[in-house]
Amino acid sequence: MAVEEENNICNESVFDKVYNSLVVSIRNFIFFKCGDRDRAYDIAQEAFIKLWQNCGKVNEGKARSFVYKVANNLFLNEVAHQKVVFKFKQEKRPSMDHQSPQFILEEKEYGEKIQRALAELSEVQRTAFLMSRVDGKKYREIAEILGISEKAAGKRISDALESLRKSIKNI
C-alpha cells in the first residue's frame, strides 16, 4: 500500500516538519519516565531513526503515534535490560566475612521471593508501584506519564501493595 507523496515521511521536508513538531514532546515524554535528559534525548533520536527506516510504511498522520510507541518501547526495553544488569550485580555481590552462611542463604531466598512477588504483579501495577517506590514519583507525576487519572495511579499502587502483602506474608 503506497503512501501518498505529499504525506510521505520519506520526503525530507515532511520528515523535518514531523521531527520539528514532535521532538521536544517525545524527549519530555521519555524524560518524565526516566528523569535523565541525555537518555531521553538518545531514545528520542532512536525513535526518529526508526521512523525514517520505516518511512515507506508510515504516513504523516500516523507518525505521531508511531514515534511515541517506538520511544516507549525503546524505553521499556532499556528498563528491562537494566533490571537484568541489576539482578546480575546483586547475585555477584561479595559476601561479608562476619555473616554466617545461614544468613547469606536466607537473604538470598528473601530477595528471590521479593523478585517473584514483583514479577507476579500485573504490568500496570508493577510500573506504577516501581515509579512510586523506586523513582519516588508522586501519584500526579505517575498519572501524567502513564496517561491516566491521579486516582487510577493511586489505585494501581494500592492494588500492587495489597498483592505484595499477600505474596510476601509468609516471608
Side-chain angles (χ1 to χ4, degrees), residues 7 9 14-55 57-91 110-169 171:
N7 290 334
I9 297 295
V14 174
F15 182 84
D16 287 345
K17 183 175 111 180
V18 169
Y19 177 84
N20 291 329
S21 69
L22 295 177
V23 69
V24 173
S25 62
I26 295 292
R27 274 196 307 237
N28 289 342
F29 172 70
I30 298 300
F31 175 71
F32 294 149
K33 286 183 167 245
C34 69
D36 182 342
R37 288 191 191 281
D38 293 333
R39 199 162 130 214
Y41 180 81
D42 290 343
I43 290 173
Q45 292 304 311
E46 285 183 55
F48 281 103
I49 289 170
K50 296 266 188 203
L51 176 62
W52 183 254
Q53 290 170 341
N54 292 288
C55 67
K57 301 174 188 172
V58 181
N59 67 22
E60 187 178 359
K62 302 282 186 187
R64 179 181 173 89
S65 62
F66 179 86
V67 174
Y68 268 94
K69 181 93 169 156
V70 168
N72 190 51
N73 288 344
L74 289 168
F75 171 75
L76 293 175
N77 289 343
E78 199 170 300
V79 169
H81 175 70
Q82 287 175 349
K83 285 180 185 178
V84 170
V85 170
F86 177 74
K87 187 175 180 183
F88 178 77
K89 284 181 181 178
Q90 291 293 77
E91 290 174 359
Y110 181 74
E112 289 171 355
K113 288 179 182 179
I114 290 175
Q115 289 297 324
R116 267 188 260 126
L118 285 170
E120 290 173 2
L121 294 174
S122 70
E123 182 181 341
V124 293
Q125 289 176 340
R126 185 173 47 252
T127 302
F129 176 77
L130 292 175
M131 289 173 83
S132 170
R133 296 307 193 262
V134 175
D135 294 340
K137 295 198 182 302
K138 298 183 187 317
Y139 288 1
R140 179 184 45 76
E141 294 172 305
I142 295 169
E144 288 174 9
I145 292 167
L146 298 177
I148 58 176
S149 70
E150 196 171 325
K151 190 170 183 172
K155 176 71 171 142
R156 288 180 182 183
I157 294 168
S158 173
D159 290 348
L161 285 168
E162 185 178 330
S163 179
L164 288 172
R165 280 188 199 107
K166 288 178 184 175
S167 296
I168 299 176
K169 185 194 304 186
I171 295 179

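The salt bridge (charged side-chain N to carboxylate O under 4.0 Å, His left out) check on Glu120 picks up nothing, with sequence neighbours excluded. Among residues two or more places apart in sequence or in another chain, the ring-ring contact (aromatic ring centres under 6.0 Å, His included) test is passed with Phe29 by Tyr68. Partners of Phe66 under the ring-ring contact (aromatic ring centres under 6.0 Å, His included) rule, at least two apart in sequence or in another chain, do not exist in this structure. The side chain to side chain contact (heavy atoms under 4.5 Å, CB included) search around Val124 returns Ser122, Arg156, not counting sequence neighbours. Residues passing the side-chain hydrogen bond (donor to acceptor under 3.5 Å, both in side chains) test with Tyr139: none are found, sequence neighbours excluded. Annotation: side chain to side chain contact (heavy atoms under 4.5 Å, CB included) contacts of Val24 (sequence neighbours excluded): Arg27, Asn28. Residues passing the side chain to side chain contact (heavy atoms under 4.5 Å, CB included) test with Glu144 are Arg140, sequence neighbours excluded. Under the side chain to side chain contact (heavy atoms under 4.5 Å, CB included) criterion, Glu112 pairs with Lys108, Arg116, not counting sequence neighbours. With sequence neighbours left out, the salt bridge (charged side-chain N to carboxylate O under 4.0 Å, His left out) criterion links Lys155 to Asp159. Scanning for salt bridge (charged side-chain N to carboxylate O under 4.0 Å, His left out) contacts around Lys17 gives Glu60, with sequence neighbours left out.
To the nearest 0.5 Å, atoms OG (Ser21) and CG (Asp16) are separated by 10.5 Å. From Gln125, atom CD reaches atom CD of Glu162 across 9.0 Å, with rounding to the nearest 0.5 Å. Between the CG atom of Leu164 and the CD1 atom of Ile157 there is a distance of 11.5 Å, given to the nearest 0.5 Å.
Residues Ser167 and Ala117 share a closest heavy-atom pair of CB-CB, 3.7 Å. Residues Phe32 and Ile145 approach most closely at O-CD1, 2.7 Å, considering heavy atoms. What you find for Phe48 and Leu22 is that their closest heavy atoms are CZ-CB, 3.8 Å. Contact record, Leu51 with Phe15: CD2-CE1, 3.8 Å, taken as the closest heavy-atom pair. Of all heavy-atom pairs spanning Ile30 and Ala71, the tightest one is CD1-O, 3.5 Å. Here the closest non-hydrogen pair linking Ala47 and Leu74 is N-CD1, 3.7 Å.
No donor-acceptor pair closer than 3.5 Å links the side chain of Lys33 to the backbone N or O of Leu76.
No side-chain heavy atom of Asn54 sits under 4.5 Å from any side-chain heavy atom of Val70. With a 4.5 Å cut-off on side-chain heavy atoms, Phe88 and Val85 do not count as touching.
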Give the table of side-chain donor-acceptor pairs shorter than 3.5 Å for residues 126-133, with sequence neighbours excluded, one pair per line with atom names and distance.
residue : atom : partner : partner atom : Å
Arg126  : NH1  : Leu118  : O            : 3.3
Arg126  : NH1  : Ala119  : O            : 3.3
Arg126  : NH1  : Leu121  : O            : 2.8
Thr127  : OG1  : Glu123  : O            : 2.8

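Contacts classified as side-chain hydrogen bond (donor to acceptor under 3.5 Å, both in side chains) and involving residues 36-46 (residues at least two apart or in different chains) are given here: Tyr19-Gln45, Arg39-Glu78.
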